[in-house]
Amino acid sequence: MKRLAIGLVTLTLPLATAAQVDSYNIDPFHTVPYWETDHLGFATFRGRFDRATGKFTIDRAAKTGTLEITIQTASLSTGDTDREVRPRTRDEHLRGPDFFNVVEFPTMTYSATSVKFKGDDPDVIEGSLTLLGVTKPVPLKVERWKCGPDPRTAGKRYQCGGNATASFRRSDFGMKFGLPTAIGDEVKMWMSFYGFRN
Amino acid sequence: MSNPVFQVGVAPLVAALVVALVVALLLRSLQLGGLAVVAAFLTTMYFVSGLTFSPLTVTRKIVVLSLAAPVVGILADFAFKPTRIGAAVLALAGAAAALWVFWPVLSQKDAAEAWLLGGAAAVAVAFMIGFGQMFLAEHAVRAGSAGLGAGLGVGIASILSASATYGLYGIAVGAGAGGFLLVQMIRGKTLAAGATFTLSAMLISGLIAAGAMILAMLPWYALLVLALVPVGARLPVPEKAPLWLQAVLLSIYSFIIAGAACALAWKFPDGIPG
């Protein structure tokens, strides 16, 4: 009888552990990656991507998690959409082969399989950024994190949201136009994100 | 060395001049003048983007073909004199090369757009190579002028179409052809062009222009006008005029056609009204 009980516990333990893994779908309407870089050594220039999708999982008990984000590179915007007297807008230039080359590389992705926790909350996500066909490790720092019922659905939907930052050298991904003086090599990313629990 | 003037002007021109002078002084019996264009293009590529081949992007495929073009050109020059069949074979090979370069991008587009862009790219590259091989390969001044006009035209049109990088590559081809032409103008003697020159200059400039159309915003009709630049270098000039004057006149003819393409890219980026 005792052996049977131990056997049942052993069999059901992985199921109990699996049940603690929460999976979330990223809210594409409130998940917005922004970027900034130096411009001509005078000012910091900012832009954003208007469309990002993905999913993440989190296991608070085991303090593990995963993250997959896909950013549509053609959705980038710096707010410059009117050509006026110029042949092309800044956004059109940024979408071209000099920078994000969105026709050849319509997406950039971030994939993580390791999450470091600080207390009960994720702190640093170890993952890789794939940009222009090149994959390099880029850690993501979670600066703000909160989970709870979504007030917009009277608590029927459970969500996690927050902010995360990262930085990388664009030259590592082969994006070299304007280096070294016109446009900075160091790119900082800042992202607001939401995920709805499945 | 990060100055664009150096990257796109001084460096490729010096590389082309060195190669053209070596060919002119030491390798006179060989038709290797086209190496000047490839040297100029690769020099700018090295400074602007670096010479790496992984991942094998559209731009890097163009670099691969820029290395293959003079080899094929040398073989073609040894194998046969410029004939219609030879020109047609090289033109078809150029069209196939264009489709190989751009297929991964074209395959992601809807059929109508893929046919338009792929067709324009293949036709433009094939015409430039075929016409160059047929009518310019045995006339080094005409070939050099065509390379100069095509390179500069493609470069400026690319810049107007939201790709300064492709613009620099195009201008580098122009600088290479300019170096090839300048050595002839200064010495008052022609170099041999051959398929080594025409295939290299026309293939590289044609692929850069097609890249500016598919990856950036060069209109397809501007690409087709750019493909006509070598025709300008076929126009008549005084046969007994000094070589430098012939080079200047033929370059002006080429620039006029290239200028028309640039004007289309500048004024009618979203279609010709009417």
Colleague: Should the heavy atoms of other residues, nucleotides or ligands under 6.0 Å from NZ of A/Lys63 be counted, would the total exceed 12?
Modeller: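 Yes, enclosed.
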Colleague: Got more than 12 heavy atoms from elsewhere within 6.0 Å of CG, A/Asp120?
Modeller: no
Colleague: Around A/Tyr194, counting heavy atoms of other residues, nucleotides and ligands shown, do more than 12 lie under 6.0 Å from its OH?
Modeller: no
Colleague: Closest approach of A/Glu104 and B/Val105, non-hydrogen atoms and distance?
Modeller: CG-CG2, 3.9 Å
Colleague: Decide if atom NZ of A/Lys141 counts as having more than 12 heavy atoms of other residues, nucleotides or ligands within a radius under 6.0 Å.
Modeller: yes
Colleague: Should we say atom OH of B/Tyr46 is surrounded by more than 12 heavy atoms from elsewhere, each under 6.0 Å from it?
Modeller: no
Colleague: Does any heavy atom of chain A fall under 4.5 Å from the side chain of B/Ser49, the backbone, both, or neither of them?
Modeller: backbone
Colleague: Would you check if the side chain of A/Glu92 reaches a backbone N or O of B/Ala162 as a donor-acceptor pair within less than 3.5 Å?
Modeller: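 No: the side chain of A/Glu92 does not pair with the backbone of B/Ala162.
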Colleague: Using a cut-off of under 4.5 Å for heavy-atom pairs, which of A/Met175, A/Arg90, A/Arg86, A/Arg83 has the most such pairs with chain B?
Modeller: A/Arg83
Colleague: Could you tell me whether B/Phe53 atom CZ has more than 12 heavy atoms of other residues or ligands within 6.0 Å of it?
Modeller: yes
Colleague: Does any non-hydrogen side-chain atom of B/Thr165 lie less than 4.5 Å from one of A/Pro97?
Modeller: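 Result no, sub-4.5 Å side-chain heavy-atom pair not found.
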Colleague: Can you tell me which portion of B/Pro104 sits under 4.5 Å from chain A's heavy atoms? Options are side chain, backbone, both or neither.
Modeller: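 It is neither, since no heavy atom gets under 4.5 Å.
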Colleague: Please classify the contact between B/Ala265 and chain A as side chain, backbone, both or neither, with a heavy-atom cut-off of under 4.5 Å.
Modeller: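 Backbone only.
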Colleague: Which answer fits B/Val58, side chain, backbone, both or neither, if we ask what part of it has an atom under 4.5 Å from a heavy atom of chain A?
Modeller: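 Contact with chain A: backbone and side chain both.
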Colleague: Look only at the side chain of A/Arg88 and the backbone of B/Met217, and say whether a donor-acceptor pair between them is shorter than 3.5 Å.
Modeller: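 Side chain of A/Arg88 to backbone of B/Met217, a donor-acceptor pair under 3.5 Å: yes, one is there.
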Colleague: Counting only heavy atoms not in B/Trp100, do more than 12 fall under 6.0 Å of its CH2?
Modeller: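 More than 12 heavy atoms, drawn from other residues, nucleotides or ligands, come within 6.0 Å of this atom.
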Colleague: So for atom NZ, which belongs to B/Lys109, do other residues, nucleotides or ligands contribute more than 12 heavy atoms lying within a distance under 6.0 Å?
Modeller: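 Yes, because the 6.0 Å sphere around NZ of B/Lys109 holds more than 12 heavy atoms from other groups.
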Colleague: Under a 4.5 Å heavy-atom cut-off, does chain A meet the side chain of B/Ser54, its backbone, both or neither?
Modeller: neither
Colleague: Less than 4.5 Å to any heavy atom of chain B: does that hold for the side chain of A/Leu94, its backbone, both, or neither?
Modeller: neither
Colleague: Is A/Asp98 in contact with chain B via its backbone, its side chain, both, or neither, using a 4.5 Å heavy-atom distance?
Modeller: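 For A/Asp98, heavy atoms of backbone and side chain both lie under 4.5 Å from chain B.
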Colleague: List the atom of A/Val103, the atom of B/Ile214, and the distance in Å for their closest heavy-atom pair.
Modeller: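 Looking at all heavy atoms of both residues, the shortest contact is CG1-O, 3.4 Å.
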Colleague: Relative to chain A, which segment of B/Thr57 carries a heavy atom at a distance below 4.5 Å: side chain, backbone, both, or neither?
Modeller: both
Colleague: At a heavy-atom separation under 4.5 Å, does A/Phe105 approach chain B through its side chain, its backbone, both, or neither?
Modeller: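 For A/Phe105, side-chain heavy atoms alone lie under 4.5 Å from chain B.
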